[in-house]
4 protein chains.
Amino acid sequence: MSRITPAARRALVDERKQQILQAAAKIFAAKGFDRATIADIARQAGVAEGSIYNYFKNKGDLLVSIPRHLLEPVIEAVSAQMPALLAATSDSPDAMLTLVARNVTTVVRQNAFIFRILLSALPTMNAATRQKYLNQVVEYAIGALENHLRAQIKSGALRRDLNPAIAARAFIGMFFPFILIREVLQVESAEFDYDQVIATLVPLFLRGAATPSGADGASARKRNAR
Amino acid sequence: MSRITPAARRALVDERKQQILQAAAKIFAAKGFDRATIADIARQAGVAEGSIYNYFKNKGDLLVSIPRHLLEPVIEAVSAQMPALLAATSDSPDAMLTLVARNVTTVVRQNAFIFRILLSALPTMNAATRQKYLNQVVEYAIGALENHLRAQIKSGALRRDLNPAIAARAFIGMFFPFILIREVLQVESAEFDYDQVIATLVPLFLRGAATPSGADGASARKRNAR
Amino acid sequence: MSRITPAARRALVDERKQQILQAAAKIFAAKGFDRATIADIARQAGVAEGSIYNYFKNKGDLLVSIPRHLLEPVIEAVSAQMPALLAATSDSPDAMLTLVARNVTTVVRQNAFIFRILLSALPTMNAATRQKYLNQVVEYAIGALENHLRAQIKSGALRRDLNPAIAARAFIGMFFPFILIREVLQVESAEFDYDQVIATLVPLFLRGAATPSGADGASARKRNAR
Amino acid sequence: MSRITPAARRALVDERKQQILQAAAKIFAAKGFDRATIADIARQAGVAEGSIYNYFKNKGDLLVSIPRHLLEPVIEAVSAQMPALLAATSDSPDAMLTLVARNVTTVVRQNAFIFRILLSALPTMNAATRQKYLNQVVEYAIGALENHLRAQIKSGALRRDLNPAIAARAFIGMFFPFILIREVLQVESAEFDYDQVIATLVPLFLRGAATPSGADGASARKRNAR
DNA sequence: CATGAATGAGCATTCATTCAT
DNA sequence: TATGAATGAATGCTCATTCAT
C-alpha cells in the first residue's frame, strides 16, 4: 500500500514529530503545560488537532518527548565540543572556567524555554519522570565539568580536598540566581551583565578551589602554567 | 448590630483566612496551581467550597495571598534574627557564612512548598506579579547577606574589587543545585549531605573572596583581627 | 414579652416590609428578577440578607408581593380621583380623553419600573400568577375608562355599535408603542413628544368613536354640549 | 484537505446553527433567557452541551443570533409581500387596514415566542443592544404602514394634519392590549375575538383619520382633489 | 494518515437559603 | 428579631480525546 520505503516513512514521521514537538515546546514555555491547549499546539504546528494524536499518545506524551527530541541534540552538541574546548584551555584554569561559564549561560539562555517547561510541568510529573527529566537537563551539563575538575585535582592544580561533584555543581550554581531570574522567570532585573558576573565569579571560584601554595589565584595560575 | 466587636470579628476572619490559605498552600504545593481544585482546598480546609469565596475573591486571589500571609512571616523571622546572628559571628567570617548557609538551606527546606507553589504558578502570572513575587522571595533573603558582605569589604576583610551584590547572589546560588533539586523539584538524589556541602563551599567561597595576602581564611582572619 | 402592642408591632412589620419591597422593586426593575440577588436587595434596603427572610418566604415572595404593596396604592389613588376627573370633564369628550391619556401616560411613566419587573419576571411566573399580576396592572387602569365609555354610548354621544371594552383597550393601546418603547424598554427614541401624541390621537379616536351625525369631532362636541 | 467543499461545509454549519438556534429559541421562550440552561438547549437540540460552543461563542451569542436567524426571515417575508398587498387594496382604505391588522396579529401570534424571548432578555441587554433589537422588531413592522399612510395623506384620502409616524404606531398599538396579553404574556383572557376586534377598530381608526367632509374616504378624496 | 466536529467530564464561581449567635 | 457566615446545588464554559469521513 505504501509507496515509500519504510525508512523514508520513518524519516517523514520523525520530521512531523519534530514539527509538532517544536510547537508544543513553544506553547508550553509560553503558557505552562496546564494552560497550553492541544488547539494552541495544533495551530502553532499548522496541523489539525486530531493529527497530533497520530504521533503522540496524549498531551503528557508531548511533554515527556521534549527532552529526548529537543534537549538531547543540544546537550550532545555541547558535550561533543566541550572536551575540545576544555583541552584547548587546559593550561589556563581561568580561561577554561570562563569558557564553561560562557557556555552554560549561553546554552541556558538559548534553551531557557525548556527550563520553563520543566518548571511548569513539575506538578504533572511523577517522581520517576521528574528524575529522568532532571537527569537529562542537569547531569549532562555538569558531567563534563565534573570530570575536568577531577582531572585538575589529580594533576595538583586544584585542592586535593575538593569534592569535584560538589564543586562542579556549586560553580554552575553560582550563576543560577542570575540566569534563573532573567531567563527562566523572565523578570527584567537589568542590574547585572553576564560578562561582569563571569569576570567576578570565575576568579573567586578559582582562588577558592586552587591549591593553597600561592597567596592568590594569580600565583596559582602562574605556577600551574609552568 | 453584631454581637461581637469589630476587632474580634477581624481576628476571626484572619484566622479563617489562615486556615484556608494553609489548605490552599498544601494543595497547590502538592498538585500545582492549575491542577488544584477548589474542592480539594475546601476539603483540606474542612469548609464548604462556597465558603472560600467569603474570604477570597477567586482562586488566583488565594495564590497571591500566600506570600503575604505565609511567606512574609517566615521572611520577617529570618530577617529579624539575621542581624543578631551576623553580629555574633562577625569576627569569624567562615562561622558567619556557615551560619548563613545553614539558615538558607534550613529555611528553604522548611518552606520548599512555597517555592513549589511559586514555580507552579509562574505561567499564571503576568510580568508585574512575577516581579513582585520574586522581590519578596529573593531580595529579603539576599539583602542581609549583601549588606554584611559590603561591610566586610569596607573593613578590608574581603577584597575591594568584590561586587557585594554579585557575591551575595553567587554564594546563595552555590547551594541552589543541591537545594533546588532535592527540596523543590523533589528529586531524590541522596548523594549529598548538606553539612558536607556547606563545609566544602563556605571555605571555597571565603578563600575566593578574602583579601589576597594570607594563604587561607585563617590567616586572613588573624590579620584582620589586629 | 413584647413591649409594644400588637397593632404597633404590625405597623412596624409593615413598614419594614415596605422598605424591603421598595428596594426589591428598584433592583428587580434595574437588573431583572433573575439577575437581582438577595444581596443586592439587602444592600439597597440597608438590612442584612438574612433579615429579608424574616419578612418574606423567599425571593419569589418578594415578587408576588410587589403588586399588592406597591401597585395597589397607585391604582387606588388613580381610581379614586378618576371619577371626579371624568365627571368634571363629562361635557367635553375630548377634554375627558385628553385627561385620561395624560393620566395613563403619567402614571405609567412614574411606575414604569413595575412594568419592567413584570416583563422580567414573566418566565418565573405560572399562569395563575401572571393572570393575577396582569389583572392588577391592566384591568384597574382600564376599568374606569370602560365604564365611562359605556355611559357615553348610552347617552348617545358615542356610537351604539361601539364595544366599550374593545374601545377602552384600544384607546389605551394607541399609546403603548410610545410608552412601552421609551419608558419600559428604556430606548431613547426622542422622536415623539407625549403632548403631541396625545393631541393627535385623542381627536382621531374621538372622531372614530363619535356618533356619525356631524362631519367631525367639533360639531359632535358642540352637539354634545347642548 | 477537507473531503467536502467549503460551500458544502458552510451549508452544514448553517444547518447546525439553525438546529441549535431553534432549540434555544424554544427553551428561551418557555423558560426565559436566564432560567434556560445550556443543558436544556443541548437536550432539545439533540447535541452535546459542548457542541453548542462549536457554533456559538456563549449563551449570550445564542440570544443575539436569534433575531438575525429567526426573526429576519419572518420580517423579510412580511416586508416582501406587504407592498403587493397594500397595492392590491389601495382603493379601499378599510380593506387595506384590515389586511394590515390581520397581518400584524397573525405574524405576532405565530412568532410570539420571539417576543417572549426578547422581553425575557431585556435585563441582560445594554442600551445599545436593546435599541438594535427594537429597531429590527418594530421599525420593519411599522415602516411599510407608515409609508402607506404618508401616501394616503398626500393623495388627500387621509387628513393633512395627521402625523403618519404617530398614526402608524397608534394603529398597531390599538391591537397591543389584545395581542400582547394573550400571545406574549400568555394570559388567557378569552374575551375577545380577533376578527371582532379588527372589525371594530379598523373603521374607528379610519373614521378618525379620514378627511372630514364625506362619510367615507372616497368622497374625502374627491373633495380634496378640487 | 489528515481532518475537525462531537463529546462529556471537570471545574470555578454564584447565590438563595439556613441557622447559630 | 437582626445578623452575616456557611452551605452546596446549580450552571456556563473549557478542552483532551475520539472517530467518521
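None of the values given here were measured: they were computed from a predicted structure. A note on names: the letters A, B, ... follow the listed sequences, proteins ahead of strands, and every chain is numbered from 1.
- Counting only heavy atoms from C-beta on, A:R16 has its side chain closest to E:dA2 among E:dA2, F:dT7, F:dG12.
- In terms of the side-chain contact (heavy atoms from CB on, under 4.5 Å) criterion, residue partners of A:R68 (sequence neighbours excluded) are, by chain and number, A:E72.
- B:N126 and B:T129 share a donor-acceptor pair across their side chains, judged by distance under 3.5 Å alone.
- Using a 4.0 Å heavy-atom cutoff across all strands shown, A:A36 reaches sugar-phosphate atoms only and no base atom.
- Rounded to a whole Å, the CG atom of B:D40 is 16 Å from the C1' atom of E:dT13.
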* Dot-bracket line, read 5' to 3' along DNA chain F, where crossing pairs take [ ] and | marks a partner on another strand, Watson-Crick or G-U under 3.5 Å -> .||||||||||||||||||||
Set out, line by line, the N/O atom pairs under 3.5 Å between protein and nucleotides 8-10 of chain E.
{"residue": "E:dG8", "atom": "N7", "partner": "D:G50", "partner atom": "N", "Å": "3.4"}

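- Nearest to the side-chain atoms of C:I38 among the listed nucleotides E:dA16, F:dA16, E:dT14 stands E:dA16.
- The side-chain contact (heavy atoms from CB on, under 4.5 Å) test applied to C:A29 returns C:F113, C:R116, C:I117, not counting sequence neighbours.
- A:V13 comes within 4.0 angstrom of sugar-phosphate atoms only, judged by non-hydrogen atoms across all strands, and of no base.
- Partners of C:A30 according to the side-chain contact (heavy atoms from CB on, under 4.5 Å) rule, which considers only residues two or more places apart in sequence or in another chain, do not exist here.
- Distance C:R43 CZ to F:dG4 C1': 13 Å, rounded to the nearest Å.
- Side-chain contact between B:R16 and B:V47: present, with at least one pair of heavy atoms (C-beta onward) separated by less than 4.5 Å.
- Within residues 54-69 of chain B, the residues having any heavy atom closer than 4.0 Å to DNA chain F are, in order of number, B:N54, B:Y55.
- Between D:D40 and D:R43 a salt bridge is recorded (basic side-chain N to carboxylate O distance below 4.0 Å).
- Panel note: side chain A:K59, backbone A:T37; no donor-acceptor pair is recorded below 3.5 Å.
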